[in-house]
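Working notes, beginning with the structure itself.
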Amino acid sequence: MTTEPVLAAVDDDAAPLTHHQLRELYTLMAAVRHLDTAAVAWQRQGIIPGYAPELGQEAAQVGSGYAVDRSRDFVFPTYREMGVARAMGLDMVGYMSTHKATWHGGMYNPLESRFAPIQAVVAGSVLHAVGWAHGQTLSGAPEMGVAMTYFGDGASSQGDVHEAMNFAAVMKAPVVFFIQNNGWAISVPTERQVAGGSVAARAAGYGIPSLQVDGNDVVAVFEATRSAFAHCRAGNGPVVIEAMTYRRGPHSTADDPGRYRTLDEERLGAGEDPLERFRQRLLADGVADEAFFMEAQRLAEEEEEAVRAGIEVLGPRPGAEMFSLVFQEPTPTLQSQATAWREESEHV
Amino acid sequence: MTTEPVLAAVDDDAAPLTHHQLRELYTLMAAVRHLDTAAVAWQRQGIIPGYAPELGQEAAQVGSGYAVDRSRDFVFPTYREMGVARAMGLDMVGYMSTHKATWHGGMYNPLESRFAPIQAVVAGSVLHAVGWAHGQTLSGAPEMGVAMTYFGDGASSQGDVHEAMNFAAVMKAPVVFFIQNNGWAISVPTERQVAGGSVAARAAGYGIPSLQVDGNDVVAVFEATRSAFAHCRAGNGPVVIEAMTYRRGPHSTADDPGRYRTLDEERLGAGEDPLERFRQRLLADGVADEAFFMEAQRLAEEEEEAVRAGIEVLGPRPGAEMFSLVFQEPTPTLQSQATAWREESEHV
Amino acid sequence: MSETITALTGTGETDANVQHMSMQLALNRALDEILADNPKSVIFGEDCGRLGGVFRITDGLQSKHGEDRVFDTPLAESGILGMSVGLAMAGFHPIPEVQFDGFAYPAINQIVCQIARMNYRSRGTLPMPITLRVPSFGGIRAPEHHGESLEALFAHVPGLKVVSPATPHDAYHLLKYAATRPDPVIFMEPKSRYWQKGPVNLASADMDTAAHDAGTDSGGNLTGARVVREGRHLTLVAWGAMVARCLQVAELAAEDGIDVEVLDLRWLKPIDAEALATSVGKTRRAVVVHEAPLTSGLGAEVAQLITQSCFATLKAPVERVTGFDVPYPSGDLEDEYIPNIDRILFGIQRVLEYRRG
Amino acid sequence: MSETITALTGTGETDANVQHMSMQLALNRALDEILADNPKSVIFGEDCGRLGGVFRITDGLQSKHGEDRVFDTPLAESGILGMSVGLAMAGFHPIPEVQFDGFAYPAINQIVCQIARMNYRSRGTLPMPITLRVPSFGGIRAPEHHGESLEALFAHVPGLKVVSPATPHDAYHLLKYAATRPDPVIFMEPKSRYWQKGPVNLASADMDTAAHDAGTDSGGNLTGARVVREGRHLTLVAWGAMVARCLQVAELAAEDGIDVEVLDLRWLKPIDAEALATSVGKTRRAVVVHEAPLTSGLGAEVAQLITQSCFATLKAPVERVTGFDVPYPSGDLEDEYIPNIDRILFGIQRVLEYRRG
Ligand SMILES: Cc1ncc(C[n+]2csc(CCOP(=O)(O)OP(=O)(O)O)c2C)c(N)n1
Ligand SMILES: Cc1ncc(C[n+]2csc(CCOP(=O)(O)OP(=O)(O)O)c2C)c(N)n1
Ligand SMILES: [Mg+2]
Ligand SMILES: [Mg+2]
């Protein structure tokens, strides 16, 4: 029928990562691990009402996010890409504010940070990435910006993902479909979700090259993402990356995985911890020593404290924003509703 | 990644078609060709307001419809499966009534004819087939009924098709996805519609076996469908068939293909006429002679006259049906609207 | 889990059929009985099998009734609803779930163009006995799209029926009622009320309607609205979680000598126009309360039905106290968005103080 | 194709800017100018490139402006609308088309949860200047799902604006207006009126509003409703194809001495509540007419807005003459379904004959 499409070998600048970069990756992963673990604790302490941990997905998130060129690319996250956000240098108080129930999309500026608002609809933004990417083609700049859209194994079942892959392939849009296959969609395991067993395998049906990568190997993830970006940038169309990883924690702080998987299954499915694994590798390769890891941990703790402090002082947004941010051009109806609200609720 | 899934070799009763069957197939194709051509004429004569011809798709439709076992299978058509309907022995006045604007779904009984109501939403009923097929699994009968859902190359772009294939594969539902790739979705050619070039090629991504078949060869279509049904019936899950054919006529009687394709392109794309091709084959194989073909033509004409007569006397449905057929259990609101309508419109 | 209480019926007798339980448990129990009663009923959706649903409404049902009767689907709402159509055509009674209100949108095409029309399109030969459960409305400080009110949309769709219970008792009986109907019913569960307990009379029919609050009203009148509190001065019309809030408001208003009647609409399609006419015919004033945005909300329909039937005696135009015409906000602002006690009281005041001209 | 006529302006002068053309051509011309004026505007959808759309609204635009500006997409409405979001984020002004009203349903998730909310979610940093063209309403004896009226659904969605032109002149100006707005606008084209001709004043602004019928009103007041016919006894409120029908009804009523005012609502969100109040404040009677089903239709909102503002002077409850609560029927029955002249006259009669008590 069709032959397996291959990635164009355009990544000429695909030099091996420097020691400095490897250490930077570790520092990021350590920061993400610590902040993520802390956020779960914040929820238990009543600082935030809920959180969706990405424990175990640090390599997949940091590795891919590290490949983004913030001067031209754009990232479309779900609700679980804290590690990508951190790797891209987002304002983490702005990011975390969504979990404080301050503002749905987060309080960071998506245009400046090149990171779209947090998306709660599963597969909701996959098509946005295709549209944005096609916009780069229309704009006609050489070495164009690339859209990277994140989604999960569960999300892959949504019709929008199919429409997005087909549109992207027909239009040769520069978009990287980055799937974190973490084994679960809440309580449903991948084998009852993804017929055929692999999201990457779907790509061939659209003539899209795909890479299935060890999502717990941060370097492998980074390199796969970098080559996908190079392929897109050169005008060769979309790429699908499936990073095989594992959701080590609950779906969210409201979830109880004990109801659908045993601790044994968890241990088996999760495999080796991506952070620990990277640490061992850096040690073995002489890239970093214990002092470096301790310093990374110290920085992570410092950072977490700063973010927590920022979150704790974050007050609710003024109610007037409910009305003023709906449109660019306000309507009379909304203006009169805002007035009524002010009179009745703020007694002004 | 994944290996190409193969069709289970379960069709032990796959005897070659008898001469009688081959002649029956021809008779059906001739009847369909004549009725289809006539329906376009009816539209020009003002007998019906519109029609979607299937000229050129007779082999794909008759060949597949002929494989259906009306005692247990169920077919989910689009708006263009007149040939399937005829092959399955539907009441053709009931079928054609939808094009007279009598009733959207047609006036035949879908339960008795095992042919779902005519479907105007592109890809609208693909999921219904999966649900119906899963119902067969749940009912647990051996040698179960199979659902066959028809859709086009254009429809393959809809998210619902993806969801349906994934659901069917996850649940191993006995459903045949029968794609008529007729080269066009109104004005859009397959190459701008189906990334990768083949709908059948998508199947592998779900672990579904697929067959791409010459849709203008009625015997090949029949045999592919028969083996797909056998595969499903034995509990092996879904099959995708892509019948490569060509929409020789306009999209519908309202369409003007001259705006988007040249006559030369049409001639090239269409290839040999499936009816004429089958005729030559039957002649060459000594299965039928000129007298037989003349008789088939005579029967087709007789049939067309009967259907036309039936359509011409078909009056509009009583307006009261607008209200009485919405629910099984009528509501007071609807009853009072029906009363008001009777008073104001029928002056009763 | 549930605890049997010795409730008193209207006649002063102990009724062992009356149990005190949460709406979550009442729904769970109803589904359990539906599965037992009708071998053709099947429950499915995202996470409703093994996990028992994110709200545990289907808790324990898979292990009790088997994986054929209660199962998880892949994560695709259009798939879930489209599949329901086919199952119904094959003679089943599907009881699908969408996990949250906002995730009904991907399935709207299947709901509007297929589920709601198949009976009509097929001229009555392919009924769609589908009961779609939708955890609905806001109030739980959840992420985006987890606090939506879709009743105006559903009620506008020809071929659908729509119902929403406000109490555990109604949840139990209305769900059992809906799931035995031959037509599609959208069953909107007020998620913020899942954990509130109330009396449920498990006996099936012909109980005293007035004794509902003691859980002794059951099958009596499941198809219409319900007067939750009688009053003389003004009618508050509400459904779902707003019913309890309106009862609070009524208590507060009573302190000021205002006697408020509270009508739980229950059925959002078809609407019990007679109950509206009867209540407002008596009180001559009405306020409709809902969480959905104002414009083109179901409150407009309710107000217009009241105006139509009570125009001559109405003392003031019907007021609407509703969500604003803004996207459902994040948790921090949700109390500003959902009609609160103050705003409902202001609405009542506007009606009471209305003077012509 | 269009023919320049020598129309007379209010002041009796010949105006070369006034041309007589169909709504189809007026829309086509507006799109042509939008593409020329704004290099960031792009048109796309099913068959709207090479074919020029099944209604030929985009005829010739691809060959004139290029395949980058006007292009065909694969057959997937959610894809088309989802892609629009991304294009808007990248600074484009997308003007997508869904081929028919009923095929907007597969895209509802992207419209409601994404297009309508992205500006809000992003705190104003990602505006959605998307103009979605939807050939709408019935009356052309088409197959199923080709005659739907989705305005009540769209109007209920926070974050959307909704407009529908009734004349070629309004089609031209409202589309140009919508396509230069920074907010999403659903543009509902009354498909049964595509081929009707009328005067269009191509000059851009500040023309005499009263002279609209001569095509000499343009940019004057594009944001509100429009009085199409003045009258003293009763106001007919309508939009889309029902405006022309109401004008016919008004002529007939005039023969019986009933002086009917006809208000073309034009904007279905936000609704011009002031225009309703002004008109019915004067006539003291109103009938709303629409093709969509009655229950939870936009007529309820219009009626309630009128009742709210005119309660004290209203002589009768506002009547609604609408489609029934049934799926849009096949061609043979569509004249029974769409409000016809008789039914509108009966509605007027009910209002005029209304007696309190
Ligand atoms: C359209 C839609 N349906 C349902 C949900 C509820 N929901 C939130 S996350 C989730 C599971 C997602 O699984 P996956 O895509 O694998 O991502 P993961 O949570 O594993 O990161 C579900 C069902 C939703 N947010 N959106
Ligand atoms: C959801 C939906 N979108 C758009 C349409 C309008 N439409 C009707 S047929 C058609 C083309 C279908 O092409 P294909 O699936 O290849 O089938 P064919 O017409 O070639 O048989 C379109 C766009 C529709 N009926 N349904
Ligand atoms: Mg997952
Ligand atoms: Mg086709």
Side-chain angles (χ1 to χ4, degrees), chain C residues 77-78 102-103 105-113 116-117 120-121 144-145 151-159 268-271 292-305 307-314 316-320 323-329 354-357, chain D residues 77-78 102-103 105-113 116-117 120-121 144-145 151-159 268-271 292-305 307-314 316-320 323-329 354-357:
Chain C
E77 290 76 12
S78 190
F103 309 132
Y105 290 118
I108 286 297
N109 181 44
Q110 285 292 338
I111 296 172
V112 173
C113 297
R117 296 195 192 185
Y120 187 77
R121 184 184 297 143
E144 200 176 357
H145 317 292
E151 68 270 24
L153 192 170
F154 290 136
H156 190 46
V157 177
L268 310 177
K269 173 94 172 259
I271 293 175
L294 177 82
T295 296
S296 204
L298 198 65
E301 180 67 40
V302 171
Q304 172 62 7
L305 287 174
T307 308
Q308 198 77 35
S309 58
C310 303
F311 186 75
T313 55
L314 214 48
V318 180
E319 271 290 325
R320 294 181 283 172
F324 301 108
D325 285 353
V326 309
Y328 192 89
Y354 182 87
R355 295 290 170 271
R356 290 171 184 271
Chain D
E77 290 77 11
S78 190
F103 309 133
Y105 290 117
I108 286 296
N109 182 43
Q110 285 291 338
I111 296 172
V112 173
C113 298
R117 295 192 194 187
Y120 188 76
R121 184 183 297 141
E144 200 176 359
H145 317 290
E151 68 271 23
L153 192 170
F154 290 135
H156 190 46
V157 177
L268 310 177
K269 175 93 173 260
I271 293 175
L294 177 82
T295 296
S296 204
L298 198 64
E301 180 66 40
V302 171
Q304 173 61 8
L305 286 175
T307 309
Q308 198 75 35
S309 58
C310 304
F311 186 75
T313 55
L314 213 50
V318 179
E319 273 290 327
R320 294 182 282 172
F324 300 108
D325 285 352
V326 309
Y328 193 91
Y354 181 86
R355 296 289 170 270
R356 289 171 184 270

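Chain letters run A, B, ... following the sequence lines, proteins first and then strands; every chain starts at 1. Given the structure is predicted, the values throughout are model-derived calculations rather than measurements.
- Listed options C/Gly323, C/Ala155, C/Ser309, C/Ala107 were ranked by heavy-atom pairs under 4.5 angstrom with chain D; first place goes to C/Ala155.
- Contact annotation for C/Pro329: both backbone and side-chain heavy atoms come within less than 4.5 Å of a heavy atom of chain D.
- Separating the CG atom in C/Leu294 from the CD atom in D/Gln304 is a distance of 8.5 Å, to the nearest 0.5 Å.
- Within the model, atoms OG1 of D/Thr313 and CZ of C/Arg356 stand 9.5 Å from one another, a figure rounded to the nearest 0.5 Å.
- The candidate from D/Gly297, D/Ala116, D/Gly159 with the greatest count of non-hydrogen atom pairs under 4.5 Å with chain C is D/Gly297.
- The two residues C/Pro158 and D/Pro327 make their nearest non-hydrogen contact at CB-N, 3.4 Å.
- For the set C/Thr307, C/Leu305, C/Val157, the entry with the most heavy-atom pairs within less than 4.5 Å of chain D is C/Thr307.
- Between the CD1 atom in D/Ile108 and the CD atom in D/Glu77 there is a gap of 11.0 Å [rounded to 0.5 Å].
- Counting heavy-atom pairs closer than 4.5 Å to chain C, the top-ranked of the candidates D/Glu319, D/Lys269, D/Arg117 is D/Arg117.
- The candidate with the highest count of non-hydrogen atom pairs below 4.5 Å against chain C, out of D/Ala303, D/Pro106, D/Pro270, is D/Pro106.
- A donor-acceptor pair under 3.5 Å links the side-chain atoms of D/Arg121 to the main chain of D/Cys113, judged by distance alone.
- In this structure, OG in C/Ser296 is found 6.0 Å from CD in D/Glu301, a value given to the nearest 0.5 Å.
- Annotation: maximal heavy-atom pairing with chain D below 4.5 Å, among C/Ala316, C/Cys310, C/Gly299, occurs at C/Ala316.
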Item to complete: Begin with the C-alpha distance, continue with both residues' side-chain angles, and end with the deciding distance and a verdict on side-chain contact (heavy atoms from CB on, under 4.5 Å) for D/Tyr105 and D/Leu153.
Response: CA-CA 10 Å; D/Tyr105 290 117; D/Leu153 192 170; 4.0 Å; yes
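- With a threshold of 4.5 angstrom between heavy atoms, D/Leu268 does not approach chain C through any atom at all.
- Proximity to chain D (any heavy atom under 4.5 Å) is shown, for C/Ile111, by neither the backbone nor the side chain.
- Of the listed residues D/Val112, D/Val318, D/Asp325, D/Thr295, the one with more heavy-atom pairs under 4.5 angstrom with chain C than any other is D/Thr295.
- At a 4.5 Å heavy-atom cutoff, C/Glu151 makes no contact with chain D through either its backbone or its side chain.
- Using the six-membered ring where Trp is involved, C/Phe311 and D/Phe311 have ring planes that are perpendicular, over 60° apart on the 30 and 60° scheme.
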